[in-house]
2 protein chains.
Amino acid sequence: MNIRHLTFRLLQVYVTVVRCGSVSAAARQLHLTQPTVSQQLKRLSEAVGSPLFEQHAQGLTMTATGQALYQASRDVLGRFDDFADQLSDLQYGRKGRFSIVLVNTAQYVLPRLLGPFSQAFPDVDVTVHIGNRRQVLARFDRHEDDLYVFSHPPALAHAVAARFMRNPLVAIAAADHPLAQQSSISLEQLLSERLLLREPGSATRMLLDSWLQEQGVSMQKTLQMASNEAIRVGVAARMGVAVLSEHVLPKEHPELAVLPVAGLPIESHWQFIVRSDQRLPQSAQRFLHYVHEHLGHWIEPHFVCNELDGLLATYPTFPLRS
Amino acid sequence: MNIRHLTFRLLQVYVTVVRCGSVSAAARQLHLTQPTVSQQLKRLSEAVGSPLFEQHAQGLTMTATGQALYQASRDVLGRFDDFADQLSDLQYGRKGRFSIVLVNTAQYVLPRLLGPFSQAFPDVDVTVHIGNRRQVLARFDRHEDDLYVFSHPPALAHAVAARFMRNPLVAIAAADHPLAQQSSISLEQLLSERLLLREPGSATRMLLDSWLQEQGVSMQKTLQMASNEAIRVGVAARMGVAVLSEHVLPKEHPELAVLPVAGLPIESHWQFIVRSDQRLPQSAQRFLHYVHEHLGHWIEPHFVCNELDGLLATYPTFPLRS
DNA sequence: GAAAAGTATAGATAATTATCTATGTAAACC
DNA sequence: GGTTTACATAGATAATTATCTATACTTTTC
């Protein structure tokens, strides 16, 4: 027996004949002519190398070989029914996997979207990577992920971006800091304090640097720290002041005060970025649709900046309905 | 996805590509050209309706759909490997089923062959029917069984017969019967006793009737009984004498004596009969070969009459070796 | 015995599959 | 930058599959 001479169609016809108990009835059910079915059975018998039926007074009776083939056929056809079900889930983005990479600060906000999405689509396997700006850009170059989350990204080849959230940078100091008691603070006042900063490659640092450059001023006393969390704790401990994403601050932050510095907050936005030269899995498309529809549920209104329409329009065939 | 556009060949090629990790390596392994494999993958992707691979720096990476297809392909191809194994067993007669019918007396001898055969081939399912001559003939007419065991069968259309064992009919009486003390008995002496008989339709009865007719004598005092066993017990209890198959007698029968009647024993043989117009299952062919080879093991030499060569020659394609 | 029902075979055709050669494109290697 | 390796696409061909119509044969039913 050479499996290459078997076709799924032959198996379908065979199973139908067995179930109907006659060639003619099977032909009717399959909307074929009786000779077609007769010939298909003959071909199948030749492919297997043994008779499949015996002539008996009671009609068609399967041989032992026929019995084994019936079982195998049902198993195989059933297995592909299962696969087709899986396929449906995959195509509707209800199942599958995708990879998303966030710059450090975005880790404070994305779980608020990824969490509910994962609950709504438990069969979607999301891999989350976190890195600084340079690391994220390197991954983009290497096509390593399906979605990238940046604020203020550079102009990247093959990148399609869409904003979904405001990411304002604010100045903070300890709650009992002298500047915290003022109702209005000049930029020079802020810069006379020691600034706690991220490393030069970070998005926050980059944004601050370019903003200060626009204002024609420069920083005087700085202290570089390894993470936003360390900076926040350092400010609370009066090591200095800082300019950080508002998202880094807990909802209640009694030990900290946002300083009303002239010109702040610095406006920036979280953006989803995909590669136009790379396939975006259905599950990732499902996630983007979910974000688009649920931003208002999970994010405070003043942060919402839903510009995902354009990005989603680049995937016109995505099946919104199952 | 339409399963009719999938072929086992496409699945084989796909599984090989995944395992080799590259299109070119798979092509080499399959002794195909690289474009062939590339095209096959494209066809498969179109049949499924989704991409199966993503381009990555590390070479081919399966999509989620590709992963599911790989799994389904392995399951399906493996299922048919199992079927091919089963098929092999079926074709060599190591597995399967057949039906055999015996006339009443043959039940004393066939278990001595069927028993060892069933042990040697535990996956062969044997259905044994027992009936009198008329019942066995009716089943033959209805094509109900694969093998028929007779002694002295009539000329049957489509029947192919082969002797395998002597079935001599002997005269018996109780051990203390006056005739049992004589060294020589005439037929007339025997017939002056009451004869215990089977019903007219039985093989033994038929054989006896025709033999007596040939001798130009006829029975006088008879008593009809329902089974060979009842006759044997009746003879031991001095109800009369009988002419029975020697096989009905236990190995040791101290309460009975075989009478040295002129002209006895009446010679007859057990025969296997198959229908030439009906498929004989491989498993039944395996049984006949087994009997042919092992008669001397399980049956006393003086009963052996192995003429199965001719019958077996009618199945020239039966695979003796696996 | 005639009619109806069921199965098998012959011949034909369109569609599909499996595979090749030729060529192009992209990426990796030296 | 040139060469090698790997994958994709175009075009072509032979083989195979799927199905039909026509017909023959067998069995069942009335």
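Each chain gets a letter, A, B and so on, in the order its sequence line appears, and its residues count up from 1.
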(message) Per the ring-ring contact (aromatic ring centres under 6.0 Å, His included) rule, what does the pair list look like for residues 12-40 of chain B, sequence neighbours excluded?
(response) Tyr14(B)-Phe53(B)
(request) Please check the phosphate of dT17(C) (OP1 and OP2 only) for any side-chain N or O of Gln40(B) closer than 4.0 Å. (result) no
Rounded to whole angstrom units, what separation is found between the [atom1] atom of [X] and the [atom2] atom of [N]?
X: Asn2(A); N: dA18(C); atom1: CG; atom2: C1'; value: 13 Å
X: Leu30(A); N: dT17(D); atom1: CG; atom2: P; value: 19 Å
X: Leu52(B); N: dC7(D); atom1: CG; atom2: P; value: 15 Å
X: Leu44(B); N: dA18(C); atom1: CG; atom2: P; value: 10 Å
X: Leu32(B); N: dT21(C); atom1: CG; atom2: P; value: 11 Å

Keeping [X] on the side-chain end and [Y] on the backbone end, is there a donor-acceptor pair under 3.5 Å?
X: Gln34(A); Y: Val23(A); value: no
X: Arg286(A); Y: Tyr92(A); value: yes
X: Asn2(A); Y: His5(A); value: no
X: Ser73(A); Y: Leu69(A); value: yes
X: Gln71(B); Y: Ala68(B); value: no
X: Thr36(B); Y: Leu32(B); value: no

(request) Output the residues of residues 4-20 of chain B in contact with DNA chain C, where contact means a heavy atom of the residue under 4.0 Å from an atom of the strand; sort by number or write none. (result) His5(B), Thr7(B), Arg9(B), Leu10(B)
(request) Might you work through the ring-ring contact (aromatic ring centres under 6.0 Å, His included) test for Phe80(B) and Phe83(B), ending with a clear yes or no? (result) CA-CA 5 Å; Phe80(B) 266 99; Phe83(B) 173 67; 5.7 Å; yes
(request) Examine Arg139(B) relative to Tyr148(B) and say whether NZ or CZ is less than 6.0 Å from the centre of the six-membered ring and inside a 45° cone about the ring axis. (result) no
(request) Five pairs at each end of the helix from dG1(C)-dC30(D) to dC30(C)-dG1(D): take the axis at both ends and give me the angle between them to 10°. (result) 30°
(message) I'd like to know whether CZ of Arg134(A) has more than 12 heavy-atom contacts from other residues, nucleotides or ligands below 6.0 angstrom.
(response) no
Look for any protein N or O under 3.5 Å of an N or O in nucleotides 25-27 of chain D and output each such pair with its distance, or none.
none

(request) Using ring pair (Phe, Tyr, Trp, His ring centres under 6.0 Å) as the criterion, list what pairs up with Phe272(B), not counting sequence neighbours. (result) Phe164(B), Phe287(B)
(request) Working to the nearest 0.5 Å, report the span between OG of Ser151(B) and CZ of Arg133(B). (result) 8.0 Å
(request) Using a 4.0 Å heavy-atom cut-off, write out nucleotides 5-10 of chain C from 5' to 3' as B (base contacted by protein), S (sugar-phosphate only) or - (no contact). (result) -SBBBB
(request) Write down the atom of Pro51(B), the atom of Thr63(B), and the distance for their closest heavy-atom approach. (result) O-OG1, 2.8 Å
